[in-house]
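Here's the structure, in structure tokens; my notes come after.
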Amino acid sequence: MNLQEKIVLLAKRRGFFWQAYEIYGGVGGFYVLGPLGVRIRDKIVELWRKIFVKENGFIEIESPVIAPYVVFEASGHVASFKDPMAECLQCKRKYRADHLLKEAGIDVPESTPLDEIKEMLNEKVKCPECKSMRWNVRPFLTMFETKIGPYTENRGFLRPETAQGMFVEFKRLYEISRGKLPLGIAQIGKGFRNEISPRQAMVRLREFNMMEVELFMNPEEGCPYLDRVKDVKLPLLTEELVAKGVKEPVVVTAREAAERRLVKHPWLAYFLALSKIFLNKLGVPDDKQRFKAKLEGERAHYSAQTFDHEVYLEGYGWVEVAGHAYRTDYDLSSHMAKSGEDLTVSIPLDKPIKKVVEKVELIVDKVKIEYPDKWKEILKNRSKIKIKDGKAFLDDEELKEGTYEIKKQEVVEIVRKIVPHVVEPSFGVERLILTALTYAYRVKEDRVVLSLPREIAPLEVAVFPLVTKDGLPEKALEIKVMLDKAGFYTVYDESGSIGRRYARVDEIGVPFAVTVDYQTLKDESVTVRDRDTWEQERVKVDELVEYLRRKFS
RNA sequence: GCGGCCGUCGUCUAGUCUGGUCUAGGACGUCAGCCCUCCAAGCUGACGAUCGCGGGUUCAAAUCCCGCCGGCCGCACCA
């Protein structure tokens, strides 16, 4: 049994996660987070929030999971997520249409209309199974589709990423943030992808939790926080290295990565560094992490540069836990074009620019005289008057001389409009849970110990009476309640021998076990046992809360 | 979606080839009691599986056949 299989068994047995709908045979790609799974999820989310949101002064939102068709039409998902599926009308088998054609020696560009693909198939390709040549071609969308409202044909999609929520709501969020760039907007929530074949436990799911930041910025400016992480070492597999098939990443500091333009924007370098620190805190050592660039053809339609943050998971190999993409102004520009809303931002100029502009000033009395019928219309449309060769025109019609004057005016421009660029770090929560469990899994004296970092341990303190008599259970319960009230996540257990109980809590990664013994009754002290060293320390009951708080800080 | 392997108590597994002795056996875990002064000790007992789901063959199906669902691996896919 490999490590991942052991983890899946442990997860199921002790309640971290398991496959959903088991009583109906299970449905691929859907998992349940059990009691311990929810706890560790919350703690991972909280740690992420601290590193990626709070410490950067970013803001967080929650937008709907369902979005109307138009949002994903604008975002490019509808167009780029469609794979043409060919269905054999005789045996009902389904294939990727472009693959069938390729096997038949026909290369089709992605933009080929479905009708043409169908025609080509019906003329030239036999079904590999039943040899029929009658095909139907349909787009297969990897987004889940639904209808909005009972009586309409208003199509909607379950979002494949939370990102669109931040783009669509950008204008108001920018206003709420009082018009400042850079602006970081975070969102934590479910995303849905109708994967063709979900695999590897919780690695590829059809419904999963994402944690994303969309950082909106002026592309000409750097990242003010880069200095904080300038010496963090980044193992990079750049486009160049990936293309050459090099397996060993080049290790550079975050600052070097930005200065040598190995990453296309300093913000991207900053997020790579945070990402590495974050994974360190989840228990992944440096040499089990790397940032692998996506090649031109592999990147998402919106991305100018993408680094997958990969961690090495024994049993699976390198697994992507985050994608860091430089999305440029693609998303805002697309939504601007589709919605007609102005999503530009005014940037103050370093130096005001002085310009001389020519302006038409109408002489109203003269206009009334010269245009007795339509002078009102002319005044109304005065903003549309254009100047050409020193003369004024309205809708290509030259205005009569004497009805206006052309005046020169000096204006000072202090702002300029830009569409902000976006850098996006995007994490999959379930994969992080698996990662944390993988690196925490140890075997000590034939017992499984989950050495989870204290910060993400689902339960924090176990409380045991040494034996179940002489008032020890009562005293232990008292202490458990005290710890609960102090804010710890605790567990009480009096069943079986003390050793068995230690083993039970080791297996689910509880960092400390407090044991009430006979000495407790004499001097109000308990033993605190460390999960990883199995060493014990005697602590006074009234100092216990403070003692534990120090351990967790 | 394709190909290979696989699906029996919570978990691991015996049994499947060679249908009946399987009202499905064991181990671990769990629970209760006894015992019990620090690392899965012991004793007693209990709970726990219509053998993934559905259909078929047969006097008789965990076992043979078909379909479906699910899992793992490889290919493909992976915003």
Side-chain angles (χ1 to χ4, degrees), chain A residues 1-2 4-6 8-15 18-30 72 75-83 85-88 92-96 98-100 102 128-129 140-143 159-161 163-164 191-201 203-206 210 294 298-303 306 308 315-316 319-320 323 325 327 330-331 424 426 428 444-449 464-470 472 494-507 513 515-521 526-527 529 531 534-536:
Chain A
M1 206 183 340
N2 75 26
Q4 292 305 327
E5 288 167 326
K6 288 179 193 163
V8 166
L9 288 183
L10 174 64
K12 198 179 351 181
R13 197 159 44 77
R14 299 304 306 271
W18 58 86
Q19 197 179 22
Y21 309 114
E22 274 179 330
I23 67 164
Y24 289 107
V27 180
F30 297 95
F72 293 110
S75 71
H77 284 88
V78 170
S80 71
F81 259 61
K82 223 174 359 190
D83 291 326
M85 297 292 289
E87 186 186 12
C88 170
K92 302 294 174 197
R93 272 172 233 269
K94 295 187 182 74
Y95 308 88
R96 281 281 301 269
D98 48 340
H99 292 179
L100 283 176
K102 203 171 178 185
E129 284 300 317
F140 176 73
L141 260 176
T142 43
M143 286 191 288
R159 62 186 182 194
E161 55 175 15
Q164 295 306 320
F192 304 82
R193 297 177 188 181
N194 204 357
E195 296 285 353
I196 296 170
S197 68
R199 282 286 166 83
Q200 297 174 314
V203 172
R204 202 183 309 166
L205 296 170
R206 291 192 164 119
M210 310 171 93
K294 290 255 194 189
E298 307 171 330
R299 280 199 298 269
H301 56 279
Y302 50 68
S303 173
T306 298
D308 283 345
Y316 286 152
V319 170
E320 176 196 346
R327 299 179 73 133
Y330 175 89
D331 299 279
E424 171 201 75
S426 168
K444 183 168 178 175
E445 294 176 21
D446 281 340
R447 288 164 30 173
V448 173
V449 179
F464 306 139
L466 185 59
V467 294
T468 53
K469 58 180 185 182
D470 301 327
L472 265 49
E494 59 172 43
S495 157
S497 70
I498 190 73
R500 183 184 296 257
R501 284 175 266 157
Y502 286 141
R504 279 192 197 118
V505 294
D506 282 347
E507 196 184 38
T515 302
V516 170
D517 57 18
Y518 284 100
Q519 199 176 328
T520 311
L521 302 180
V526 291
T527 63
R529 169 197 180 265
R531 172 196 65 199
W534 294 4
E535 277 165 14
Q536 288 181 312

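Proteins get letters first, then strands, A, B, ... in listed order; numbering begins at 1 in each.
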Polar side-chain atom of Y330(A) near backbone of S75(A) as donor-acceptor pair, under 3.5 Å: yes
Margin query: Please give the distance between the P atoms of U18(B) and C31(B) as a whole number of Å.
Written below: 44 Å
Spell out yes or no: do the side chain of R500(A) and the base of C39(B) have one donor N/O and one acceptor N/O closer than 3.5 Å? no
**Prompt:** What nucleic acid atoms does K6(A) come within less than 4.0 Å of, heavy atoms only: base, sugar-phosphate, or nothing?
**Reply:** nothing
Rounded to whole Å, CZ of R14(A) lies from P of G10(B) at a distance of 17 Å
Partner of C53(B) under the Watson-Crick or G-U wobble criteria, both distances under 3.5 Å, comes out as G67(B)
Rounded to whole Å, the CD-P distance (E507(A) to U11(B)) equals 14 Å
Open item on the list: Distance criterion of 3.5 Å, no angle test: do you see the side chain of Y24(A) paired donor-to-acceptor with the base of C69(B)?
Closed with: no
From CZ of R447(A) across to P of C28(B) the rounded distance in Å is 17 Å
Contacts satisfying salt bridge (Lys or Arg N to Asp or Glu O under 4.0 Å) that involve residues 495-506 of chain A (not counting sequence neighbours) are R447(A)-D506(A), D493(A)-R504(A), D506(A)-R529(A)
request  = Can you tell me, in whole Å, how much space there is between the P of G25(B) and that of G4(B)?
outcome  = 35 Å
Practice problem: May I ask you to say what A503(A) touches in the nucleic acid, namely base, sugar-phosphate or nothing, with a heavy-atom cut-off under 4.0 Å? | Solution: base
Between the CG atom in D517(A) and the CD1 atom in I498(A), the distance rounded to the nearest 0.5 Å is 9.0 Å
- [ ] Using only heavy-atom distances, decide whether a donor-acceptor pair under 3.5 angstrom links the side-chain of R13(A) to the base of C28(B).
- [x] no
Just say parallel, tilted or perpendicular for the rings of Y302(A) and H77(A), cut-offs at 30° and 60°. tilted
From CG of L9(A) across to C1' of G71(B) the rounded distance in Å is 12 Å
Under 3.5 Å, is there any donor-acceptor pair linking the side chain of E195(A) to the base of C78(B)?
no
As its Watson-Crick or G-U partner within any shown strand, both distances under 3.5 Å, G1(B) has C75(B)
Mind running side-chain contact (heavy atoms from CB on, under 4.5 Å) on R206(A) and N194(A) for me, showing each step along the way?
CA-CA 5 Å; R206(A) 291 192 164 119; N194(A) 204 357; 3.4 Å; yes
Applying side-chain hydrogen bond (donor to acceptor under 3.5 Å, both in side chains) to E507(A) and not counting sequence neighbours gives R13(A), R14(A)
Any N/O pairs under 3.5 Å between the protein and nucleotides 31-36 of chain B? List them or say none.
unit_1: C31(B); atom_1: OP2; unit_2: S495(A); atom_2: OG; d: 3.2
unit_1: C36(B); atom_1: N3; unit_2: T468(A); atom_2: OG1; d: 3.4
unit_1: C36(B); atom_1: N4; unit_2: T468(A); atom_2: OG1; d: 2.6

For C9(B), the nucleotide meeting Watson-Crick or G-U wobble distances (both under 3.5 Å) is none
Query - Presence of K12(A) side-chain N/O under 4.0 Å of G10(B) phosphate oxygens OP1/OP2 - result: no
Using a 4.0 Å heavy-atom cut-off, does Y302(A) contact any base of the nucleic acid, only the sugar-phosphate backbone, or nothing at all? sugar-phosphate
Practice item. Could you measure between the two C1' atoms, the one in A60(B) and the one in U44(B), and give it in whole Å? Key: 39 Å
Of D517(A) and R204(A), the one whose closest nucleotide on RNA chain B sits nearer the 5' end is D517(A)
Atom CG of D446(A) and atom C1' of A27(B) are separated, to the nearest Å, by 16 Å
How far does the P atom of C53(B) sit from the matching atom of A61(B), given to the nearest Å?
15 Å
Whichever of F192(A) and R206(A) has the more 5' nearest nucleotide on RNA chain B, that residue is R206(A)
TODO: Using a heavy-atom cut-off of under 4.0 Å over every strand shown, decide if A513(A) touches base, sugar-phosphate, or nothing.
DONE: nothing
Could you give the distance separating A62(B) and G56(B) at their P atoms, to the nearest angstrom? 15 Å
Need one value for Q200(A): base, sugar-phosphate or nothing, where a base atom within 4.0 Å counts as base even if backbone is also close, heavy atoms only. sugar-phosphate
When rounded to the nearest Å, what value does the distance between P atoms of G15(B) and C75(B) take?
33 Å
Can you check nucleotides 46-55 of chain B for protein contacts, nitrogen or oxygen pairs under 3.5 Å, and list what you find?
none

As its Watson-Crick or G-U partner within any shown strand, both distances under 3.5 Å, U44(B) has A32(B)
query: Within the distance-only criterion (no hydrogens, no angle test), does the side chain of D470(A) pair as donor or acceptor with the backbone N or O of L472(A) below 3.5 angstrom?
result: no
### Integer angstrom distance from the P of C64(B) to that of C17(B)
5 Å
Applying side-chain hydrogen bond (donor to acceptor under 3.5 Å, both in side chains) to R204(A) and not counting sequence neighbours gives none
### Task
Mind running side-chain contact (heavy atoms from CB on, under 4.5 Å) on M210(A) and E161(A) for me, showing each step along the way?
CA-CA 8 Å; M210(A) 310 171 93; E161(A) 55 175 15; 4.2 Å; yes
Those residues at least two apart in sequence (or on a different chain) that pass ring-ring contact (aromatic ring centres under 6.0 Å, His included) with Y316(A) are none
So what does Q19(A) hit on the nucleic acid, given a heavy-atom distance under 4.0 Å: a base, only sugar-phosphate, or nothing?
sugar-phosphate
| field | Stepwise side-chain contact (heavy atoms from CB on, under 4.5 Å) test for R159(A) and Q164(A) | value | CA-CA 8 Å; R159(A) 62 186 182 194; Q164(A) 295 306 320; over 6 Å; no
TODO: Ignoring hydrogens and angles, tell me if any N or O in the side chain of R193(A) forms a donor-acceptor pair with the backbone of P160(A) under 3.5 Å.
DONE: yes
E494(A) atom CD is separated from U30(B) atom P, nearest whole Å, by 14 Å
As its Watson-Crick or G-U partner within any shown strand, both distances under 3.5 Å, A62(B) has none
Under a 3.5 Å limit on both distances, the Watson-Crick or wobble mate of U21(B) is none
Suppose you measure atom P in C51(B) against the same atom in G10(B); what distance do you get, rounded to whole Å? 13 Å
